[in-house]
Amino acid sequence: MGRGTEATPRRHAHRARLFRGLLYPVLLLGLLLAAAGPASAHAVLRAADPADGTVLRTAPRYVTLRFSESVGLPAGSFRVYDPGNHRVRTTPADHAPGHFDTVRVALPARLAPGTYTVAWRVVSADSHPVSGALTFSVGERTAAPHAPPPAPAEDPATTALHTLARHLAYLSLALLLGTAAFVAYCRPPTAARLRAPALAAAGTLLAATAADYLLRAPYEQGTSPATALTASALAHTATTRPGLLLLARTGLLLLVAAGAALLRRRRVRLPRRTTLAAGAVLAVALSLTWPASGHAAAGLQVPVALVSATLHLLAMAVWLGGLAALLWTLRHVPAPDGLPASVPARFSRLATASVTVLVLTGTYQSWRGLGSWQALTGTTYGRMLLAKLAAVAALLLAAACSRSWTTRLTKESTTTPHPRALRRSVLAEAAVATVVLALTTLLTGTVPGRAATEPAQAAASPATGIPTASVTTLPFDTGAPGGHGKVQITLDPCRVGANSVQAVVYGPDGGLSAVPELRVTLTLPAGHVGPLDTRVTDRGGYWATDAFTLPLPGTWTLKATVRVSELDQVTVSAPVRVGR
């Protein structure tokens with residue numbers, strides 16, 4: 001008996017070590033998975049004036065870009081280079097009057113003939129930077145530099161630190177709000193033991209928010225973390241919407257901390273209803289700071305999307321954070337009393353309500369983000385959403401096992417179940433939950449399917465003055481050494497009737513490439529029209545025709561046959577939407 005009695009604590013200690021050994025790596029893996037994905041930009045360039053690759057008779061007064069959503073302008077957002085690769089002096093970029101999705105930069109009154117490069121970097125409405133470059137020519141095309149000046153590149157250290165801070169904030173918010181909801185609704189006998197993880201989550205959230213604010217300007221501008229503490233960077237962040245929301249989040253956290261400290265010092269105990277009401281208001285206000293600078297802040301139905309995204313975040317926090325609190329409680333439940341059956345039973349009801357909210361809001365957000373069934377499998381956002389749905393299905397299965405166990409305990413009128421068996425089920429649920437959280441945070445950094453599948457050449461509004469020319473870039477590869485590159489084809493105005501066609505071939509090094517033959521045709525499969533040969537001719541550095549007639553509107557197939565040598569050629573194609 002003595003040896004058996006001594007063995008029991010050792011077995012319990014071994015199982016506790018095993019429990020910690022499984023839980024901590026799972027949580028760390030979830031965090032690493034969340035931080036591994038790059039934050040992709042979400043604003044999509046819809047049109048440009050001048051259009052990329054066009055040749056103009058006279059120099060334009062402005063370079064104008066129109067995006068799929070409103071964008072911000074960090075310092076040095078536009079850089080213009082002349083045919084000699086020297087930077088052109090321009091005034092700071094600004095928004096077109098009344099159009100926050102349209103930005104422009106004024107050019108000098110006189111520009112020498114040749115090809116100009118425009119590198120740009122803006123910040124989309126969901127707080128992610130997006131960059132790119134385009135070229136236009138005045139009078140005639142000239143050979144572009146072999147390495148044209150790119151838009152400012154992202155600093156890897158800044159991107160990694162910013163991504164880590166953002167995902168730590170998500171994780172700590174879930175733990176903080178979920179623990180609070182678990183204590184308020186489930187009323188565990190070991191509520192005092194949950195104070196330590198709740199304070200740790202609050203401290204981590206405050207630190208992650210401060211780090212996010214400091215890294216905001218370097219992240220937008222693509223500079224190193226060393227520039228984070230400059231006065232200009234801090235002041236610029238305070239004028240942006242993401243910066244203001246981060247300051248609001250910090251203020252709310254400090255307000256809660258100050259209020260709790262004051263009440264504790266004066267030993268004041270508020271009525272339960274007052275505490276719950278104040279906690280609910282603060283939780284909603286705190287959660288709103290995420291959607292207000294994310295996907296929900298741009299696109300269609302913004303007010304509805306903000307409400308849906310906030311409820312989705314709250315439900316996620318209550319479920320996943322509450323799950324972590326239940327796991328912590330099971331780990332620290334005093335023996336031999338065990339855990340009252342009412343605690344897991346209450347959490348089961350709380351989790352069911354959270355899942356219902358998650359399904360409803362998630363369905364709406366998926367429709368809003370995808371836009372079409374094709375985007376579900378044809379975009380990165382859609383494929384990642386499918387992966388999240390699969391993980392959620394696994395999580396629901398694990399939750400069903402926990403609920404079944406809890407129901408059986410309730411039916412058997414067991415008031416203090418031993419936590420060991422329930423702990424295993426909840427641990428499995430927590431492991432899958434970390435994967436769901438990782439995929440959720442990755443989705444916030446991925447271009448929505450609706451934006452990714454929007455036509456790049458949408459019809460321009462009269463207010464912006466942007467032409468509706470279609471610019472299509474087709475990568476090609478003949479399979480021979482040096483036989484790859486891309487051909488950029490401009491169809492202007494991409495409407496029924498007379499059009500001009502211009503094509504530029506770029507080689508493997510990114511510079512202009514001379515090819516012996518280029519053939520461009522268009523076919524309308526729905527109308528059984530074509531192929532119509534555009535008959536472009538070599539005009540010394542580019543191929544063009546000034547008179548090509550499109551007889552019908554619709555989705556045409558644009559094909560380019562590129563011959564790079566006597567033996568090597570390849571045909572590539574892409575759809576082009578032709579308007580009336």
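Model, not experiment: these values are computed from the prediction. Numbers here simply count residues along the sequence, with the first being 1.
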In sequence, state the C-alpha distance, the side-chain angles, and the governing distance for R346 and F182, and then conclude on side-chain contact (heavy atoms from CB on, under 4.5 Å).
CA-CA 9 Å; R346 281 176 172 268; F182 180 79; over 6 Å; no

Compare all side-chain heavy atoms of [X] with those of [Y] and state whether any distance is below 4.5 angstrom.
X    : Y    : value
H95  : T102 : no
L288 : L313 : no
S77  : V103 : no
P97  : R104 : yes
R349 : Y185 : yes
L314 : T310 : yes
V318 : L177 : no
L65  : V71  : no

Can any side-chain N or O of [X] pair as donor or acceptor with the backbone N or O of [Y] at less than 3.5 Å?
X    : Y    : result
T179 : L176 : no
R265 : A260 : no
T158 : T223 : yes
Y213 : L234 : yes
S287 : V284 : no
S308 : V304 : no
S348 : P344 : no

Approximate separation, where rounding is to 0.5 Å, of [X] [atom1] and [Y] [atom2]:
X    : Y    : atom1 : atom2 : answer
T209 : L245 : OG1   : CG    : 11.0 Å
T204 : L175 : OG1   : CG    : 8.5 Å
L215 : T159 : CG    : OG1   : 9.5 Å
L171 : L320 : CG    : CG    : 9.5 Å
L255 : T250 : CG    : OG1   : 12.5 Å
T274 : R272 : OG1   : CZ    : 11.5 Å

Give the minimum heavy-atom separation between [X] and [Y], together with the two atoms involved.
X    : Y    : result
A211 : A165 : CB-CB, 4.1 Å
L214 : A228 : O-CB, 3.2 Å
T329 : P188 : CG2-CB, 4.2 Å
P291 : A309 : CB-CB, 3.6 Å
H312 : T361 : ND1-OG1, 2.8 Å
L173 : A317 : O-CB, 4.3 Å

CA sep, side-chain torsions, deciding dist, call: L311, V307, side-chain contact (heavy atoms from CB on, under 4.5 Å):
CA-CA 6 Å; L311 291 176; V307 173; 4.1 Å; yes

Would the F347 and W319 ring centres measure less than 6.0 Å apart?
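Between F347 and W319, the centre distance exceeds or equals 6.0 Å.
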
Evaluation steps, side-chain contact (heavy atoms from CB on, under 4.5 Å), between L286 and L205
CA-CA 11 Å; L286 191 63; L205 178 57; 4.1 Å; yes

Quick one, L246 with T289, criterion side-chain contact (heavy atoms from CB on, under 4.5 Å). Give me CA distance, side-chain angles, the key distance, then yes/no.
CA-CA 7 Å; L246 289 171; T289 61; over 6 Å; no

State whether a side-chain donor-acceptor pair under 3.5 Å links T237 with R216.
no

Axial cation check for W290 ring with R249, 6.0 Å and 45° limits
yes

